[in-house]
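Values below: every heavy atom of this structure, side chains too, minus hydrogens, waters and symmetry copies. As the structure is a computational prediction, the values presented were derived from the model and not from experiment. All ligand and atom numbering here is 1-based and tracks the order in the structure.
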Amino acid sequence: MLNTVIVGTQWGDEGKGKIVDLLSEHADYVVRFQGGNNAGHTMVVNGKTIISHLIPSGIIQQKKCFIGNGVVVDPCVLTQEIDYLVSNHIDVSPQMLKISNRAHLIMPYHKAIDKAREAKKGDKKIGTTGRGIGPCYEDKATRRGIRFCDLMDIDLLKEKITAILEEKNFYLEHYFKTSPLDPDQVISDVLALRDRLLPYIADVSVVLHQGSSNGRTLLFEGAQGTHLDIEHGTYPFVTSSSTVAGNAAGGSGVGPGLLKEIIGIVKAYTTRVGEGPFPTELFDDTGQILQKTGAEFGATTGRKRRCGWLDMVMIRNAARLNSLTSLAITKLDVLDDMDEIKICTAYRYNGSTLHDFPADIKTLAHCTPVYETHPGWKQNISGITDYADLPDQARNYLERITGLSGVPVKIISVGPGRESTIIKQAVL
Ligand code: GDP
Ligand code: IMO
Ligand code: MG
């Protein structure tokens, strides 16, 4: 397999975890490069469900896994996730997992600020996962974050935390009117995890480069989705990292020349968790059917996902922003019972037709989808493993997605399990 990047094309939860798990079989190293435990990636193997938030999904296939410099890591969640995977008989020893010495730690004050800020915003909230993601990236950008390499020097670490808490506590107490955090407690909580974390810390950039030079294949696992990207998404209703494929390089410390195959994961319809405009959202029975049939509940927060038809304006946008070389269509089986299926091909806005995704959410909120309607296949496709065995209507739907995006569909997922997959064209 060529070095491959997997990214979400919509607003997350496209089924990235399942496809990463599947393709990990052919990779040597699996790498997360952005986001944090706002992600929830679900794998179903032999009927057993495993959800990972931070550790690359490749760990299930027992491939060497890496958390790159672009990821923000909550050390409590990380150690809990290691324990959870180990209790499921998965080896997560330091031989299997390395964390970049440049990755930033999500600290208790990041979580406190995330929650307090959302509460203060009331109905203008973003609908974040409350995991401290935004405030952690904020500190990274303003150059006062705590990085894994800071765990090496205890005195300096204490000094940094004490200094930053002076400011954070002022903000928490006087702006948000919530309780301040005790510096001694924050420091002792981090130090309690330090000995456990130290053996996992490495210069991930150097290790990936060495591996790649020795012929190891890299698989990069994106979190969130293209339309949650801080630059290109539905700002401000986005996450705080760059979710697009280019950041697989910057977020892990490899050069962009190493990225060869870029797979965009496309859910056969659209979902969104949290607030923000969603042109093809369905508020009728069909939306509820998609939500129920697709079991659309967030893997991280358990919130109901909003549902709507497939939006090809978004997928075209994702194809351009990520240089997609192939598409994997997931959850096609969820459409099995539909009489007809709609695809949004463009937007109507203020009397004109838009083919490109607008930058401004006020414009997006007033866009109405231009739909084309396709007949449903009205049969259970979840057991099909050969493309040729799919009903004509399903194949036509997939061909239309390729036609409208200009990107070939190579993988089709028809159920949550590894086995429920059709490989139309090898991506190896
Ligand atoms: P991720 O964040 O992109 O990894 O996606 P999530 O794991 O949050 O959400 C995808 C959900 O859909 C999970 O519950 C998967 O088990 C499930 N899933 C993935 N592919 C399929 C599929 O082809 N069909 C069905 N019915 N479920 C799927
Ligand atoms: P995976 O990797 C879906 C959404 C949140 C919120 C916005 C900002 O499982 O696809 P944040 O906590 O990141 O500051 O929240 O982004 N969000 C996700 N939605 N899937 C995810 O990850 C998400 N990660 C963040 O719901 O709207
Ligand atoms: Mg998810």
For this session: Select the closest option to atom 9 (O) of ligand 1 among R305, K18, E221, judged by heavy-atom distance.
Result: R305
Seminar exercise, completed: Heavy-atom proximity to atom 11 (C) of ligand 1 ranks first, among Q224, E296, K331, for K331
Which residue and atom name correspond to the protein heavy atom nearest [atom], and how close is it?
atom: atom 27 (O) of ligand 2; result: V273 O, 3.1 Å
atom: atom 13 (O) of ligand 2; result: T239 OG1, 2.6 Å
atom: atom 20 (N) of ligand 1; result: S413 OG, 3.5 Å
atom: atom 26 (O) of ligand 2; result: R303 NH2, 3.0 Å
atom: atom 7 (C) of ligand 2; result: V238 O, 3.9 Å
atom: atom 3 (C) of ligand 2; result: D13 OD2, 3.2 Å

Judged by non-hydrogen atoms, does [X] sit under 4.0 Å from ligand 1?
X: H53; value: no
X: G40; value: yes
X: G415; value: yes

With a cutoff of 4.0 Å, is [X] in contact with ligand 2, counting heavy atoms of the residue only?
X: K16; result: yes
X: R272; result: no
X: G127; result: yes
X: R131; result: no
X: G8; result: no

Between [X] and ligand 1, is there a nitrogen or oxygen pair with a distance under 3.5 Å?
X: A299; value: no
X: V44; value: no
X: K16; value: yes

Problem set entry | Reference residue R32; test side-chain contact (heavy atoms from CB on, under 4.5 Å); the match among V71, V73, I55 |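 Between R32 and the candidates, side-chain contact (heavy atoms from CB on, under 4.5 Å) is satisfied uniquely by V71.
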For this session: Mind jotting down which residue pairs meet the salt bridge (Lys or Arg N to Asp or Glu O under 4.0 Å) criterion with at least one end in residues 260-278? Sequence neighbours excluded, please.
Result: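 The answer is K125-E275, E261-K410, K267-E296.
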Contact (N/O only, under 3.5 Å) between [X] and ligand 2:
X: T129; result: yes
X: E14; result: no
X: I133; result: no
X: H41; result: yes

For this session: With 2.8 Å as the limit, jot down which protein N, O or S atoms are around the Mg ion (ligand 3).
Result: D13 OD1, G40 O
Problem set entry | For L228, atoms of ligand 2 separated by under 4.0 Å from a heavy atom |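 Those qualifying, in numeric order: 4 (C), 16 (O), 17 (N), 18 (C), 19 (N).
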Problem set entry | salt bridge (Lys or Arg N to Asp or Glu O under 4.0 Å) between R400 and E372, intermediate numbers included | CA-CA 10 Å; R400 189 65 186 136; E372 56 181 39; 2.5 Å; yes
Exercise. Can you list every ring pair (Phe, Tyr, Trp, His ring centres under 6.0 Å) pair that touches residues 28-58, not counting sequence neighbours?
Worked result: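 Listed by first then second residue: Y29-F66.
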Exercise. Out of D337, D339, D336, D392, which residue meets the salt bridge (charged side-chain N to carboxylate O under 4.0 Å, His left out) rule with K378?
Worked result: D339
Exercise. Looking at K160, R102, R144, which one forms a salt bridge (charged side-chain N to carboxylate O under 4.0 Å, His left out) with D150?
Worked result: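 It is K160, the one option of K160, R102, R144 that forms the salt bridge (charged side-chain N to carboxylate O under 4.0 Å, His left out) with D150.
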Exercise. Who passes side-chain hydrogen bond (donor to acceptor under 3.5 Å, both in side chains) against D83, sequence neighbours left out?
Worked result: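 Per chain and number, D83 pairs via side-chain hydrogen bond (donor to acceptor under 3.5 Å, both in side chains) with R196.
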